[in-house]
Asker: 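The structure's right below; bear with me while I get my questions together.
Sequence lines set the chain letters: A, B, ... in the order given, protein chains first and strands last, and positions in each chain run from 1.
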There are 2 protein chains.
Amino acid sequence: MKSRALALTVLLCLVSLVAFAAPKYVFVFIGDGMATPQIAAAEAYLGSLSDSFVDELSFTTFPVQALTTTYSNNAYITDSAAAATALACGYKTDSGVIAMDPGKMVEYKTIAEMAKEAGMKVGILSSVNLDHATPACYYAHNASRKNYYEINIAMANSDFDYFAGGEVRLSKTPEGQPTAEDVMRERGWTIVDTREALMALEPSDTTVYAYNHGFSFNALDYTIDQKTDDITLAEFTRKGIELLDNPNGFFMMVEAGKIDWACHANDAGASIHDTLAFSNAVQEAIDFMAQNPDDTLIIVTGDHECGGLTMGFAGTGYSSAFDVLGGQTVSYEWFNQYVLAPYKSETAAEELRFADLEDEIAEYFGLTELSDRERTLLEDAFAQSMLSREERASDEATYLLYGGYEPLTVTITHLLNQRAGLAWTSYSHTGIPVPTFAKGVGQDLFGGYYDNTDVFWKLVQVMELNAYLASY
Amino acid sequence: MKSRALALTVLLCLVSLVAFAAPKYVFVFIGDGMATPQIAAAEAYLGSLSDSFVDELSFTTFPVQALTTTYSNNAYITDSAAAATALACGYKTDSGVIAMDPGKMVEYKTIAEMAKEAGMKVGILSSVNLDHATPACYYAHNASRKNYYEINIAMANSDFDYFAGGEVRLSKTPEGQPTAEDVMRERGWTIVDTREALMALEPSDTTVYAYNHGFSFNALDYTIDQKTDDITLAEFTRKGIELLDNPNGFFMMVEAGKIDWACHANDAGASIHDTLAFSNAVQEAIDFMAQNPDDTLIIVTGDHECGGLTMGFAGTGYSSAFDVLGGQTVSYEWFNQYVLAPYKSETAAEELRFADLEDEIAEYFGLTELSDRERTLLEDAFAQSMLSREERASDEATYLLYGGYEPLTVTITHLLNQRAGLAWTSYSHTGIPVPTFAKGVGQDLFGGYYDNTDVFWKLVQVMELNAYLASY
């Protein structure tokens, strides 16, 4: 017994000696709004498809796990800007600030900028707009995440190698100013917006900006709504690996931003499908690691929880029925845009009736055989949805019910989620620590319980980037 | 840089070679109903006392962390019996079953029984009744957790060395049968039920049964309600270490069972104070480990989440105010028993008025300056509480509001918790994975993402108990 243990220890020592060089290929995957409940929901839904309670995601089996605190400099519940600043730069800042100090005077150097200085290629990917808070914190420095134009111009002026995901918000360009795309073209970037053009790119192409423009805010569409010509986050990741691979290595940040958007809206189905798409993107890195086992590190984390998702509901007690989520085939947003809005605009005010939409609710969410409670809640919500935003009730109880979302649709997802045995407590982020997963060279450094700022410092250590640290 | 890394690796190898013997002293601490949200709530409350966002518990800084799935053989959301069977015996069983297979034919051998066979002393501690499901799964085998008499008789017939915590349910003794205490006395056990008597015990004393009897179900009182003569879980742990320490080592399981009970009732204040008491109990093991660094292993885990607790609420958005929980000075149960019940029994039915209790609600929970929404909810709940249980509304919406608890009191804790920025979705357990923390000899085996059954198999491996495994 003891001799076997001794042999094992010696073997482990030899392995760790071989593997203790800095990783050449570093991936940081961030599930925006993804904490343990979002992961558990995706695993439970997967499980329901195969008649087991839980099926694992690509990254939940990583050998090293941690819990990571997420609070910002000025709030227990962070926003994505402060969280990404912590992950990218190693310092706490106020919510809303992009890679700067709380006083908005100091520009914090990011891990991506340091990697670039060290000679690595850099890729920044997101399923939401690439000028959104999380990706921005890796390439921009701004007092406010809302300064989209300044941020997307900073992106166009960056010296990184690959940006891919949701289109930047060109609509925020001030009149008479060049757009970010104008600047990129001026600088000779390759810009592609179809799968065909993306797939045709060669590693010899210079800086690449590749995007999808979805039906909502030009972010990637929710995975549950994507069509065959949409480029998935996994495809963007796979192509990024191909384009960035070079003898000096690369750093790649990949954000699944629409998990967060779905959770704000309390739509578990949309959140789960985007979490599965995120898992597929991580799988691309895992597959790459299989070819480069001694040179690769993959970190997967979340920036904060969103929605106060739980894996139980008072009305269902100890029962769960995650398979009912399979009845949902579109996101809340698709339903708003392609069912609710047309119905409302095409129907005379005096003819608006909840019964008109029951077939659509059944078709798109599988919500049938309504209980008295469910019907009452849906009819009340329908009545609110049929009013203009100005006419709707604005008391606290109404906010708790709908959170500023389309009342009928958020009630549909609430009730569907409750039938599955899931529930929500907020339309904002929440403050529980998020899990962090690590696999690859230097993985052991990422175990334990630490702050989101430590993710940066651990990366600096394992990537041996100390020489590139800025002093403030 | 590289040479320092090399030196560090060599050092780590030497350390792990020295430390790779089986631990002599093994602690398994189980927070019943304690998952990430319960830990986060306690840390955020602690933080509010020191003007920081988070202050660490004794065990959250342990070097190795994991996520552990908790589902039972027949349900995604487990009960404590199936969860403790998994942790204690390494097999899934149906909810409600104590250390037996789902068919209730096979008695699963427990890690405590194996440790005893291997010559270690064994201690079983709990803040709830020692014949409750979690402790029972370490010493008893029964088709149902509800067979309290059979279970506490199994305890009295066990060959373990130290049982401490909440009194067994003697009231469940069938007429004409000996009680568990009769059996213990017959077998020469030392029975103590005061701190003074406990502290006077010497290691030479034979098997010890030490208990508190609190005002509710004879479990330990909620920490928030404890008086100076109550024995704390930390004191039971410290004395256990003193009594069990011997050249052959010991195995000790310590359960904080009232975290779960507080969370069923959606009382964050009571849950937090019991989580802090649990942290104090773990600290006793940490202090012992400091004296025995090469021989000790401490595992801390939860058996499942309870209540669907989240660290955010729609009504407070991105704000939190955990300091308001400091206004609460008693548990929901103390308030029920010592304020609400006397008021109801001493007041004529036609004179029952919510206003009569406003001062007490302010005094015991710090809930003042009620908003319209809060007042309406409290007055509705008061009206329900003033009815007999049979008279109360029993529709689904009412269950969602009160969950079978005293309507006024659960509404008080809901509203107080919401003011702090916490919320609940259930009165039952929920299914998110729980964090597992490890520190000491063999700790590295406990990293990663695994099932609660794996906790047993990892302990068997690290404690080198393979020879004592049963075959089924």
Side-chain angles (χ1 to χ4, degrees), chain A residues 1-2 5-6 9 12-13 16-17 20-21 36-37 40 44 53-54 60-67 69 71 75-77 79 95 305 308-315 317-320 322 371 373 396-397 399-400 403 421 423-433 435 447-449 464, chain B residues 1-2 5-6 9 12-13 16-17 20-21 36-37 40 44 53-54 60-67 69 71 75-77 79 95 305 308-315 317-320 322 371 373 396-397 399-400 403 421 423-433 435 447-449 464:
Chain A
M1 200 60 222
K2 299 266 163 131
L6 183 69
T9 306
L12 284 172
C13 289
S16 53
L17 279 170
F20 216 85
T36 312
F53 288 124
V54 169
T60 50
T61 53
F62 277 14
V64 175
Q65 319 240 338
L67 282 175
T69 47
Y71 53 88
Y76 176 71
I77 299 179
D79 87 316
S95 295
E305 202 276 340
L309 177 62
T310 74
M311 297 303 288
F313 171 59
Y318 288 90
S319 301
S320 315
F322 301 112
S371 71
R373 171 180 164 266
E396 190 182 4
Y399 179 80
L400 295 181
W424 305 89
T425 68
S426 183
Y427 304 97
S428 304
H429 305 161
T430 76
I432 53 165
Y449 179 75
E464 298 182 358
Chain B
M1 200 60 222
K2 298 268 164 126
L6 183 70
T9 307
L12 285 172
C13 289
S16 55
L17 279 170
F20 216 83
T36 312
F53 288 125
V54 168
T60 48
T61 53
F62 278 14
V64 175
Q65 318 240 340
L67 283 175
T69 47
Y71 55 88
Y76 176 72
I77 299 179
D79 87 317
S95 295
E305 203 276 340
L309 177 61
T310 74
M311 297 303 288
F313 170 59
Y318 288 90
S319 302
S320 315
F322 301 112
S371 71
R373 173 180 163 266
E396 189 182 4
Y399 179 80
L400 295 182
W424 305 87
T425 68
S426 183
Y427 304 97
S428 304
H429 305 161
T430 76
I432 53 166
Y449 178 74
E464 299 182 357

Asker: Using heavy-atom distances under 4.5 Å, tell me whether A:Ser95 contacts chain B through its side chain, its backbone, both, or neither.
Answerer: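 Neither part, no heavy atoms under 4.5 Å.
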Asker: I need the minimum non-hydrogen distance between B:Glu396 and A:Ser371, along with the two atoms involved.
Answerer: OE1-OG, 4.5 Å
Asker: Which atom names give the shortest non-hydrogen contact between B:Met311 and A:Ile77, and what distance separates them?
Answerer: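 Nearest heavy atoms, B:Met311 then A:Ile77: O-CD1, 3.6 Å.
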Asker: Which bit of A:Tyr76 comes within less than 4.5 Å of chain B, counting heavy atoms only: side chain, backbone, both or neither?
Answerer: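 A:Tyr76 touches chain B through backbone and side-chain heavy atoms alike.
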Asker: At a heavy-atom distance under 4.5 Å, which candidate from A:Thr36, A:Thr61, A:Val64 has the highest pair count against chain B?
Answerer: A:Thr36
Asker: Hey, does B:Thr310 have a side-chain heavy atom less than 4.5 Å from the side chain of A:Thr310?
Answerer: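 A side-chain contact under 4.5 Å exists here.
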Asker: Tell me, side chain or backbone of A:Phe313 under 4.5 Å from chain B's heavy atoms, or both, or neither?
Answerer: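 Contact with chain B: backbone and side chain both.
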Asker: I'd like to know which of A:Ala314, A:Ala44, A:Ser319, A:Gly312 tops the heavy-atom pair count under 4.5 Å against chain B.
Answerer: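 Option with the top pair count is A:Ala314.
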Asker: Heavy atoms only, distances under 4.5 angstrom: which of B:Tyr399, B:Trp424, B:Tyr427, B:Tyr71 has the most pairs with chain A? Name it, please.
Answerer: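 Among the listed options, the one with the most contacts to chain A is B:Tyr71.
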Asker: Relative to chain B, which segment of A:Pro433 carries a heavy atom at a distance below 4.5 Å: side chain, backbone, both, or neither?
Answerer: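 Both backbone and side chain of A:Pro433 come within 4.5 Å of chain B.
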Asker: When rounded to the nearest 0.5 angstrom, what distance separates CZ in A:Arg373 from CG in B:Leu400?
Answerer: 5.0 Å
Asker: Search all heavy atoms of A:Tyr318 against all heavy atoms of B:Ala75 and return the closest pair with its distance.
Answerer: O-CB, 4.5 Å
Asker: Answer with side chain, backbone, both or neither: which region of A:Thr60 has an atom nearer than 4.5 Å to a non-hydrogen atom of chain B?
Answerer: both
Asker: What pair of heavy atoms forms the shortest contact from B:Leu67 to A:Pro435, and how long is it?
Answerer: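 So the minimum-distance heavy-atom pair works out to CD1-CB, 3.9 Å.
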Asker: Could you measure the distance from the CG atom of B:Leu309 to the OG1 atom of A:Thr425? Nearest 0.5 Å is fine.
Answerer: 8.5 Å
Asker: Determine the option with the most heavy-atom pairs under 4.5 angstrom with chain B, choosing from A:Gly421, A:Ala397, A:Gly447, A:Ser320.
Answerer: A:Ser320
Asker: Find the one option among B:Gly308, B:Gly317, B:Gly448 whose heavy-atom pairs under 4.5 Å with chain A are most numerous.
Answerer: B:Gly448
